[in-house]
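Scroll down for the structure; my scribbles are underneath it.
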Amino acid sequence: MNFLESRFVKEVSEITDNMYHQGWDERNGGNISYMIDEEYVREYFPKDVFVRDIPLGFTADEVLRGKYFLVTGTGKYFKNIIKNPEANLGLVKISDNGQVAHLLWGYKDGGKFTSEFPAHLMSHAVRFKANPNNRIIMHTHPTYTICMGACLPADEVIFTRKLWKSNTEAVVVFPEGVGVLPCMVCGTTEIGEATANKMKDHRLVTWTNHGIYGAGNDIDEAFGLIETVEKTAQIYMLTLGHVVNEIPDEVIIGLAKLWNLKMMPGVIEEK
Ligand code: 13P
Ligand code: ZN
């Protein structure tokens, strides 16, 4: 079977096209990595034959060694993936020593994985340990989320509270809250480590003045988390300075009780 026809390539091509049309992924903005179980890889590649090796530039966590990832390429445009997946995506296997990505498929024009692969792989390791069903790390540049981060202190309790107080869906979709990083140099192992550290407690992490990361068992979960933050940030920004009806704390507590959710501590005072 041809990997180009696989559901994995189809899913990533369709969601990146969707995200481009949301206006979130200008130029080469955004990146996605999709951990694919070996049994599915074998349907397309009966044995490992590597096209070339690409150094990672850091050492991947032990839980990721021998694992396969479908990853967007660095410098590639989300808008182009659906037209030419083989040039814009790559399928890699993490080497036994965690230092190399063996390329099985893709990056056809000599490219390589996203510059944010440290943040992706470090986040995968943390999320996988928290939840062995996690498969997706998704990064994008949603406009209103970036605006909201610029208007608030880089503080996850404040950011989460403003989201929960703006849209009744927010606490239901992300009761564990949103992790927030200050503005940092991106594409580094340092921002990767900082992101992964927040991913211990959150499936969502914002990068102030840059964008957001979402994690999920599948593309729908990661995308759904991010689109709920972005929709809520849009509500927040459009009403900024005009709010008369902010969601009362009692309603947020009531929603959490109704859905049996464990809320991020310190955001809403339980009376
Ligand atoms: P890449 O083109 O390397 O994926 O980088 C895009 C981006 O969003 C940087 O944060
Ligand atoms: Zn980015």
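Atoms within a ligand are numbered from 1 in the order they appear, just like the ligands themselves.
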Q) Near the Zn ion (ligand 2), is there an N/O/S atom from C186 that is less than 2.8 Å away? A) no
Q: Would you check ligand 1 and list the protein residues that come within less than 4.0 Å of it by any heavy atom, ordered by chain and number?
A: N28, G29, G30, N31, T74, G75, T114, S115, E116, H139, H141, H210
**Q.** Residue pairs involving residues 169-178 (criterion side chain to side chain donor-acceptor pair (under 3.5 Å); sequence neighbours excluded)
**A.** E176-R203
Q) Does the cation-pi check pass for R7 over Y40, that is, NZ or CZ under 6.0 Å from the six-membered ring centre and within 45° of its axis? A) yes
Q | Geometric class of the W207/Y213 ring pair [parallel <30°, tilted 30-60°, perpendicular >60°] | A | tilted
Q) Regarding T72 and N31, is there a side-chain donor-to-acceptor distance under 3.5 Å anywhere? A) no
**Q.** Which atom of H141 approaches the Zn ion (ligand 2) most closely (N/O/S)
**A.** NE2
Q.
Can you tell whether the side chains of D249 and R161 come within less than 4.0 Å, N to carboxylate O?
A. yes
Q.
Within the structure provided, determine whether Q234 and P142 are in side-chain contact (heavy-atom separation under 4.5 Å).
A. no
Q.
Measuring only between side-chain heavy atoms, which start at C-beta, is H102 closer than 4.5 Å to V92?
A. no
(Q) Rounded to the nearest 10°, what angle sits at the Zn ion (ligand 2) between NE2 of H139 and NE2 of H210? (A) 100°
